[in-house]
2 protein chains.
Amino acid sequence: MAYRKTAAEVRRLEAARERLVECATQVVAEVGWAQASVTAVADAAGIAAGSVYQHFPSKAALAVEVFRRAASREVDVLAEVLRSTDGSPVQRLARGVQVFARRALENRGLAHALLAAPAEPSVGAERLDFRRRYHALFAEVVREGIDAGLLPRQDGQVTAAALTGAVGEVLVDPLGAGRTPAPDPEDLLAELTALALRCAGARPESPP
Amino acid sequence: MAYRKTAAEVRRLEAARERLVECATQVVAEVGWAQASVTAVADAAGIAAGSVYQHFPSKAALAVEVFRRAASREVDVLAEVLRSTDGSPVQRLARGVQVFARRALENRGLAHALLAAPAEPSVGAERLDFRRRYHALFAEVVREGIDAGLLPRQDGQVTAAALTGAVGEVLVDPLGAGRTPAPDPEDLLAELTALALRCAGARPESPP
DNA sequence: GTCTATAGAAGGATAGAC
DNA sequence: GTCTATCCTTCTATAGAC
């Protein structure tokens with residue numbers, strides 16, 4: 001007689017998997033990909049190391065899932081801000097950059113893991129996709145800004161890529177080695193916003 | 001009696017290693033890290049796969065060496081342009097961005113491998129260092145621009161990181177999947193230069 | 001003759017095809 | 001699920017330099 005999972009069992013299994021992904025994400029944010037061993041992750045989730053393989057075929061698959069979840073959250077948040085109906089495209093761009101940066105500064109470990117930390121190739125491939133999604137979002141708002149006459153004519157795709165790269169790169173270094181003295185997060189945020197607007201060609205005195 | 005290598009032997013050995021690194025670089029540029037197997041690299045160098053291990057303890061060590069060599073070449077070229085005594089800091093910045101981009105567009109495979117292609121963690125770590133060296137170079141010229149009154153007051157470190165990230169990110173996508181239609185390299189170069197100058201806050205009408 | 005670099009094949013593991 | 005193919009690495013025998 002074939003074994004059939006009951007609904008309760010399925011739910012428990014999914015909950016365990018969910019919990020595993022969440023704990024793994026936290027471990028990665030704290031110690032980085034390199035130090036996030038299967039044992040460390042399993043310990044954090046309160047399960048045996050071997051049990052990880054009940055939910056994922058390999059450590060790499062778990063890492064990819066961790067990356068995808070975290071990246072999607074960031075993309076979703078940015079999308080909501082950039083596509084908001086509140087404010088001009090330029091204002092939304094500024095808010096988008098701020099949100100991008102603020103979230104990174106509030107969870108530096110995770111941001112570093114998403115943006116730059118050395119990781120296995122499978123995660124690296126996800127990272128390329130992650131950045132492309134950022135491009136697409138920025139490209140939308142840049143295009144709106146051009147159409148509204150708030151930004152000069154330009155290749156929106158190029159500007160969008162540049163914004164992604166610029167903001168990402170700025171956030172990586174203070175997250176990594178760090179400067180001395182450590183820059184004040186609020187200063188950094190202001191600097192970064194101004195820089196992004198310059199980058200897109202927004203008039204400096206652009207009003208409310 | 002202890003065996004001592006003759007000068008000729010040492011030279012031959014170094015030449016073989018050199019040739020191996022060069023061939024490996026070419027293979028990586030052509031097919032990427034993922035496809036650059038030990039056998040493929042050895043074949044390109046005209047040696048047996050096992051012989052690779054006479055020169056490097058592991059494939060990863062060879063990959064790191066390949067990355068370092070190629071990255072150092074790029075950094076050196078950029079340094080020469082940015083530190084040239086010819087032209088204002090802003091002009092040198094523009095030329096630097098152009099050289100950065102032009103070299104990437106002329107050897108897209110290698111540029112993609114250096115900037116973005118998924119690679120093993122050991123290469124990823126080198127990549128972080130590579131980008132930091134770019135920051136440092138851009139930071140110099142931005143600072144000079146500020147001191148000369150050609151650029152507005154700003155955090156040079158932040159701008160330098162942003163320039164690195166922006167140019168790098170813009171170059172990655174056309175190098176990888178590519179857009180349709182493929183953008184004209186000269187247009188891209190002009191767009192990128194303008195963008196970098198905006199990013200640093202250079203006056204648009206800045207003359208010769 | 002002695003010592004080493006190289007070639008070539010074997011080992012052990014893993015991923016992909018069927 | 002099995003089987004093949006390929007990958008990185010190690011091992012051994014050979015050829016070549018001193």
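In what follows, chains carry the letters A, B, and so on, assigned in the order in which the sequence lines appear, proteins first and then strands, with residues in each chain numbered from 1.
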Checklist entry - Roughly, in whole Å, what's the span from OH in Tyr53(B) to P in dT10(D)? => result 7 Å
Next on the checklist: Under a 3.5 Å cutoff, is there a donor and acceptor pairing between the side chains of Arg103(A) and Gln98(A)?
Outcome noted: no
Item to check | Contact state string [nucleotides 13-18 of chain C, B base, S sugar-phosphate only, - no protein heavy atom under 4.0 Å] | outcome: ------
Checklist entry - Using 4.0 Å as the upper bound for N to carboxylate O, is an ion pair formed by Glu22(B) and Arg69(B)? => result no
Item to check | Main-chain N/O of Ala71(B) paired with Glu74(B) side-chain donor or acceptor, under 3.5 Å | outcome: no
Checklist entry - CZ of Arg19(B) versus P of dA5(C): gap in Å, rounded? => result 19 Å
Checklist entry - Salt bridge check: are Arg83(A) and Glu144(A) linked by an N-O gap of less than 4.0 Å? => result no
With 3.5 Å as the limit, what N/O pairs link the protein to nucleotides 6-8 of chain C?
residue: dT6(C); atom: OP2; partner: His55(B); partner atom: NE2; Å: 3.4
residue: dA7(C); atom: OP2; partner: Ala48(B); partner atom: N; Å: 2.7
residue: dA7(C); atom: OP2; partner: Ser51(B); partner atom: OG; Å: 2.7

Item to check | Ion pair check, Glu140(A) and Arg92(A), cut-off under 4.0 Å | outcome: no
Checklist entry - Does the distance from a Lys or Arg side-chain N to an Asp or Glu carboxylate O, for Glu120(B) and Lys59(B), drop under 4.0 Å? => result no
Checklist outcome for this item: Separation between CG (Leu192(A)) and CG (Leu171(A)), nearest 0.5 Å, reads 5.5 Å
Next on the checklist: What is the separation between atom CG on Asp43(B) and atom P on dT6(D), rounded to the nearest whole Å?
Outcome noted: 13 Å
Next on the checklist: I need the minimum non-hydrogen distance between Gly156(A) and Val142(A), along with the two atoms involved.
Outcome noted: CA-CG1, 3.9 Å
